[in-house]
Amino acid sequence: MNQLTTPAPTFFSERLSQLASALNPQKLLKMTIIPFVAILMFLLLWSAGASQVQTSLGVFPGPAKVWQQTQSLWQEHQAERVKEVAFYERLQKRIDKAVAAGKPEQKIERLRNRQYTGKETFIDQVLTSLITVATGFLLASLFAIPLGIIIGMNHTIYSAFNPIIQLLKPVSPLAWLPLVTMVVSAVYVSADPMFSKSFLTSAITVTLCCLWPTIINTAVGVAGVDKDLLNVSRVLRLGWFTKTVKIVLPSSIPMMFTGLRLSLSIGWMVLIAAEMLAQNPGLGKFVWDEFQNGSSNSLARIMVAVIAIGFIGFLLDRGMLSLQKIVSWDKNAILR
Amino acid sequence: MNKYLEIDHVSITFPTDNGPLNVLDGVNLKLDQGEFVTLIGHSGCGKSTVLNIVAGLLQASEGGVVLEAKEVNEPGPDRAVVFQHHSLMPWLSVYDNVRLAVDQVFKKTKSKQERHQWTLHNLELVHMEHALERKPDEISGGMKQRVGIARALAMEPKVLLMDEPFGALDSLTRTHMQDSLMEIQARLKNTVIMITHDVDEAVLLSDRIIMMTNGPSAKVGEILDIDLPRPRDRLALAENPTYNHYRAEVVRFLHERHLQKGLDQNDSSNEKEQAMPRDISDNEPHEPPVRLAS
Ligand SMILES: Nc1ncnc2c1ncn2[C@@H]1O[C@H](COP(=O)(O)OP(=O)(O)OP(=O)(O)O)[C@@H](O)[C@H]1O
Ligand SMILES: [Mg+2]
């Protein structure tokens, strides 16, 4: 189709000029120095304010204490990994010995199946939460995007679905949590489960809250396709599929991504709350455990989690934004 | 005798909140093959509605459209439309916009290579071969309209329908576009129905000018045969008494209708909206040309 693509030199020179404009001193000031100063001010205020707040677990942690706990959480993680490696080494030795001694196959198999069950570190919890939110979000998008397209394309279907969506949308996903938990434990019974129940409960809760913004925004985007463009497609007698791929989808992509980004950020927030509430593994559980633990370090460790939650949420949103920039046809649109 | 295209006593009534609105009442028009006809009339009288009925985008309440002795009542590429606002897909390049139409219309009859050549050929026809890979946002308003015309021509339509194709352009670009259109028309001999608000444009381009009465219940008011030799040259014509006579005829018609409109004004509630020239609101660099129609 594209016999003539942009020649490479133009591409590079464009990149170069972008780079040059990024190095422009005034832009540099705006992009790095000003945010840096702002963060510094924030840290100072935090540290000054924190020392004023007395809790039953001691003084509210300032930046220094939080930084110290960050390091210690990382060291705990490293230590745990070392232990894990040692465990598997020992296990291997026992297996070798059992094989050499000609022990029955069954017994060896049981040894092989042994898993390391150490305490889950902060990093493990972060990973668990990330995997859960990704699963829930992808599952929701898989349903919501096609559904949104269908709803947006047909007025009758739209009026059929609209009241249901409007009713379900404002429901806090945490209200679903008990229902999801019960349904999962009733329905998902298998001798050798691929996923743990707690993982499924959290992921489905995320799915339930990720559905609505994506459905609604996709539908609005699809319904808002320029009428002239639809007339062009009628004049050309484009088939349903071509029309969807060439006209409807591209023009609804910006709205679709608005929905997806909204979904992901809500999903991330809800997941943490759901993990706290249901005691499902993840960052939320980490926060809750530390709170229950109530040691002198707990508040600082919770602060580490809070910052991590914020930072990950930010990265997720940026990730979606980059994806939108790749997929979107309108490279000039200002996306933030 | 059957004509090439017949608009046969077409009436249309829209249901509105204030009851049914009879926009067209027995519009009757017959075109020969290769004829260039412009529709002129006051804003809101129903010109676009006529065009959309011919295109099949709207259904007439009464009467119908007959093309080559066959009734048409759904849209199709044999009646290509050039819209006022270019309506190119902003996510497709100039080439791909035309190619989309070519692929659709000739998917069975032309090979891939032929479709490529045909796309290029039509873009060359409108002098857009230098911007194949640009996106519509990266070219000027006049260029977009050229691509829109190339897309319509590439469908090899029996009838080319143009709804104020140059309405959103500044007067200089508009002049260029009119010349291009005349040049293309001389080569391809398309049957064209074009809507315009511009008296000079109508006289310059048309074989016949169809002047429509004011709405509601608009019909064909007067038909003016433009008997000027082709190729036409705008500079030479400016001094031509016949040309000026035709021009005056159209102006007279519109002016009379305008006076009538003034009389109607008291009992028409949405008159204000109708009196506004629609094409001023565009973001194209714009130098309002002399326009008597609106
Ligand atoms: N779908 C519709 N429903 C109700 N009324 C309509 C509809 N389409 C057009 N009309 C009415 O029909 C009348 C004629 O509209 P049309 O767009 O054909 O006018 P026009 O002559 O093309 O005007 P302009 O010069 O401003 O483009 C207008 O009064 C408009 O309000
Ligand atoms: Mg119109």
Side-chain angles (χ1 to χ4, degrees), chain A residues 1-14 17-18 149 153 155 218 221-222 224-258 323-335, chain B residues 48 51-52 54-58 74-107 112-113 115-117 119-120 123 129-138 148 151-152 154-155 157 159-161 163:
Chain A
M1 197 112 159
N2 291 306
Q3 272 82 358
L4 299 137
T5 43
T6 325
T10 345
F11 177 77
F12 281 121
S13 70
E14 254 169 40
S17 70
Q18 268 174 17
I149 292 172
M153 271 177 133
H155 204 78
T218 306
V222 168
V225 178
D226 189 348
K227 251 193 106 206
D228 273 0
L229 296 187
L230 291 179
N231 279 340
V232 171
S233 113
R234 288 177 67 195
V235 167
L236 283 172
R237 294 202 181 136
L238 292 185
W240 180 87
F241 183 75
T242 321
K243 179 180 138 188
T244 310
V245 171
K246 295 271 176 179
I247 297 179
V248 175
L249 276 185
S251 65
S252 53
I253 270 185
M255 280 305 279
M256 197 187 292
F257 266 90
T258 308
L323 192 64
Q324 177 172 12
K325 276 186 183 152
I326 294 169
V327 178
S328 172
W329 46 271
D330 193 359
K331 305 288 180 208
N332 297 327
I334 302 160
L335 302 168
Chain B
S48 297
L51 207 77
N52 286 335
V54 177
L57 295 168
L58 282 174
E74 61 170 359
D78 55 343
R79 282 150 291 133
V81 187
V82 177
F83 296 91
Q84 178 172 6
H85 295 283
H86 66 80
S87 57
L88 301 174
M89 322 288 160
W91 46 89
L92 294 182
S93 67
V94 163
Y95 175 88
D96 286 337
N97 261 291
V98 179
R99 182 66 188 263
L100 177 70
V102 172
D103 279 344
Q104 179 66 18
V105 177
F106 301 104
K107 62 183 159 203
K112 214 168 172 187
Q113 187 57 30
R115 286 186 304 220
H116 171 62
Q117 291 303 339
T119 307
L120 291 183
L123 281 165
E129 66 278 8
H130 60 281
L132 297 180
E133 287 309 316
R134 294 231 223 134
K135 294 276 161 63
D137 287 345
E138 300 162 354
R151 177 173 66 186
M155 300 178 204
V159 183
L160 186 61
L161 305 168
D163 192 347

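Chain letters run A, B, ... following the sequence lines, proteins first, then strands; residues in each count from 1.
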Report which part of [X] has an atom under 4.5 Å of a heavy atom belonging to chain A: side chain, backbone, both, or neither.
X	result
M89(B)	both
A55(B)	neither
R151(B)	side chain

Legend entry - side-chain hydrogen bond (donor to acceptor under 3.5 Å, both in side chains) against R234(A), all qualifying residues, sequence neighbours excluded: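 Once residues adjacent in sequence are excluded, R234(A) has no partner under the side-chain hydrogen bond (donor to acceptor under 3.5 Å, both in side chains) criterion.
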Inset, instruction - In plain terms, say whether D103(B) and R99(B) are close enough for a salt bridge, that is, a side-chain N and a carboxylate O under 4.0 Å apart. - result: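 A salt bridge is present here (some side-chain N lies under 4.0 Å from a carboxylate O).
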Legend entry - Contact class of S233(A) relative to chain B, heavy atoms under 4.5 angstrom: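 When you check distances to chain B, no heavy atom of S233(A) falls under 4.5 Å.
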Inset, instruction - Heavy-atom distances under 4.5 Å only: say whether D226(A) touches chain B with side chain, backbone, both or neither. - result: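 The answer is neither part of D226(A).
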Legend entry - Min side-chain heavy-atom separation I253(A)-W91(B) under 4.5 Å: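 Sidechains of W91(B) and I253(A): no contact.
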Inset, instruction - Flag the pair M155(B) / L236(A) as yes when at least one side-chain heavy-atom distance between them is below 4.5 Å, and no otherwise. - result: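 Yes, their side chains come closer than 4.5 Å.
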Inset, instruction - Look at A152(B), A80(B), S87(B) and state which one has the largest set of heavy-atom pairs under 4.5 Å with chain A. - result: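 Of the options given, most contacts go to S87(B).
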Legend entry - Set of residues satisfying side-chain contact (heavy atoms from CB on, under 4.5 Å) with respect to H130(B), sequence neighbours excluded: M128(B), M143(B)
